[in-house]
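Everything quoted here is computed from the prediction, not taken from an experiment. Atom set for the values below is all heavy atoms of this structure, side chains included, hydrogens, waters and symmetry mates excluded.
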Amino acid sequence: MAALPLNFSIEQGTARSTMKFVQIPAPDFDLAMTLKSGQVFHWEKIDNGFCGTIGDRAVHVEQVGKVIKVRGGETPQPARETRALRNIIADYFALDHPLSEICASFPNDPTMNAARDFCRGLRIIRQPKWECLATFICSSVKQVAHIRQISRALRKRFGDARKIDHYTVYTFPSPAQLAKSSEKELRECALGYRAPNLLATARLVHSRAADLDALAALPDVDLREKLCELPGVGAKVANCVMLFAYERLRAFPIDVWIERVLKEKYFRRRRKVTGQRLRAFSETYFGKHGGYAQQYLFHHARMNKTHAYGGRRAVGRQQEGHESACPSR
DNA sequence: CTCCAGGGATGAT
DNA sequence: ATCATCCATGGA
């Protein structure tokens with residue numbers, strides 16, 4: 001349901017092919033930042049842009065200044081296709097999110113301000129529900145680089161091939177495609193102990209015992225509860241799926257990075273901080289777009305590891321935690 | 001080699 | 001409720 005940017009245009013691709021491409025104005029948007037921020041794992045850097053899939057469609061996306069240029073794969077019906085393509089792009093990259101308003105709603109403190117400044121143009125995209133859920137089931141105790149590897153393996157083995165510019169990408173396998181696989185096959189994609197969880201959830205979704213689309217009607221608390229009923233899904237993964245696939249922009253996933261940020265920057269003075277307290281704090285302090293704030297904090301922290309964050313060995317950062325942000329109780 | 005990674009499920013305090 | 005432990009794999 002994205003409001004479409006006006007003034008889109010269609011031009012003839014000259015450099016790589018005769019394939020038409022669509023130009024879409026995208027102010028307040030940083031494509032590379034968005035795709036590298038750890039919310040989505042399958043986009044690959046090709047030339048000056050990125051290749052990937054949106055749903056079952058292969059696309060190449062490139063940003064030139066305040067415009068993004070998009071080429072699709074095979075185009076049986078060019079006119080209809082370009083119209084659909086620009087809708088899909090604008091919706092996927094959430095170009096209708098009022099980013100300046102969202103950023104203005106963040107709390108005003110040194111940590112948040114630094115992250116806001118660093119992540120300018122980062123948008124929370126609208127991912128397909130199943131793809132997002134399945135990928136984050138595979139994400140537990142895995143580095144981003146390895147999640148990307150798992151995603152690639154699953155796609156190549158169980159998904160459908162799509163060509164874009166003589167380059168092949170793969171759709172994310174449907175619940176049906178994964179439901180009929182085996183735990184052994186999944187383990188061969190390096191899933192390890194996550195394999196039975198992904199398989200069980202795929203079968204629940206495929207059998208419609210779990211209806212991911214129907215869950216969209218539920219309020220946050222109920223949605224989180226239903227997602228947590230799925231094998232391999234706990235509070236953290238549920239919050240990621242809520243944020244990245246259900247557009248619940250308040251959902252605040254707390255992983256090891258965010259936990260460090262909260263403890264080191266917002267609870268510096270406190271000896272022991274329970275998960276309960278971190279949850280309560282994050283749900284209120286960061287406001288109604290807390291999920292956005294969380295993603296900015298996550299990406300900023302990760303891009304600056306070894307510097308500000310790094311556990312006990314991180315010497316040289318004697319920076320005062322601003323306790324004013326910390327609840328006095 | 002060791003340490004750690006966008007955690008979850010289970011069982012014991 | 002909080003904590004401890006195990007789970008499987010690969011990057012740094």
Closest to side chain of His146(A), choosing from dT2(C), dC7(C), dG10(C): dG10(C)

Contact under 4.0 Å: Arg260(A) side-chain N or O vs dA5(B) OP1/OP2: yes

Out of dG7(B), dA8(C), dG10(C), whichever nucleotide has its closest atom nearest the side chain of Ala190(A): dG10(C)

Sugar-phosphate, base or nothing in reach of Ala195(A), heavy atoms under 4.0 Å: nothing

Value in whole Å for how far the C1' atom of dG6(B) lies from CD of Gln143(A): 11 Å

Donor-acceptor side-chain pairing of Tyr285(A) and Asp109(A) below 3.5 angstrom: yes

Sugar-phosphate only, base, or nothing, as touched by Gly38(A) at under 4.0 Å among non-hydrogen atoms: base

Sugar-phosphate, base or nothing in reach of Gln295(A), heavy atoms under 4.0 Å: base

Candidate nucleotides dT2(C), dG10(C), dC7(C), ranked by approach to the side chain of Thr274(A) - the nearest: dT2(C)

Integer-rounded Å distance: dT9(C) C1' and Leu186(A) CG: 15 Å

Per Phe41(A) side chain, nearest of listed nucleotides dT2(C), dG6(B), dC3(C): dG6(B)

Separation of dG6(B) P from Ile125(A) CD1 (nearest whole Å): 18 Å

Aromatic ring of Trp257(A) stacked on base six-ring of dG6(B), 5.5 Å, 30°: no

Interatomic distance, Met242(A) CE vs dG6(B) P [rounded to whole Å]: 22 Å

Electrostatic pair Glu283(A)-Arg279(A), nearest N-O below 4.0 angstrom: no

Along DNA chain B (nearest heavy atom to each residue), the more 5'-positioned of Asn197(A) and Ile147(A): Ile147(A)

N/O donor-acceptor pair under 3.5 Å between Gln63(A) side chain and Phe29(A) backbone: yes

Which nucleotide in dT2(C), dA8(C), dG6(B) has an atom nearest any side-chain atom of Val141(A): dA8(C)

C1'-based separation of dC7(C) from dC1(B) [nearest Å]: 22 Å

Phosphate-side-chain proximity, Lys142(A) and dC4(B), N/O vs OP1/OP2 below 4.0 Å: no

Who pairs with dG11(C) - Watson-Crick or G-U, where each distance is under 3.5 Å: dC3(B)

Protein-nucleotide distance (Arg148(A), atom CZ; dG6(B), atom P), rounded to Å: 13 Å

Distance between P atoms of dT5(C) and dC3(B) (Å, rounded): 16 Å

P atoms of dC6(C) and dG6(B), separation to the nearest Å: 23 Å

Cationic N near anionic O, under 4.0 Å, Glu81(A) to Arg57(A): yes

Polar contact flag, side-chain donor to acceptor under 3.5 angstrom, Thr53(A)-Arg155(A): yes

Value in whole Å for how far the C1' atom of dT2(C) lies from CZ of Arg279(A): 11 Å

Whole angstrom value for the distance that separates C1' of dT9(C) from CZ of Arg194(A): 7 Å

Polar side-chain contact Gln149(A)-dG11(C) base: donor and acceptor under 3.5 Å: no

Test item: side-chain donor near acceptor, Asn197(A) and Arg194(A), under 3.5 Å: no

Touch class at under 4.0 angstrom, heavy-atom based, for Ile137(A) against every strand present: nothing

Rounded interatomic separation in angstrom, taking CZ from Arg302(A) and P from dG11(C): 15 Å

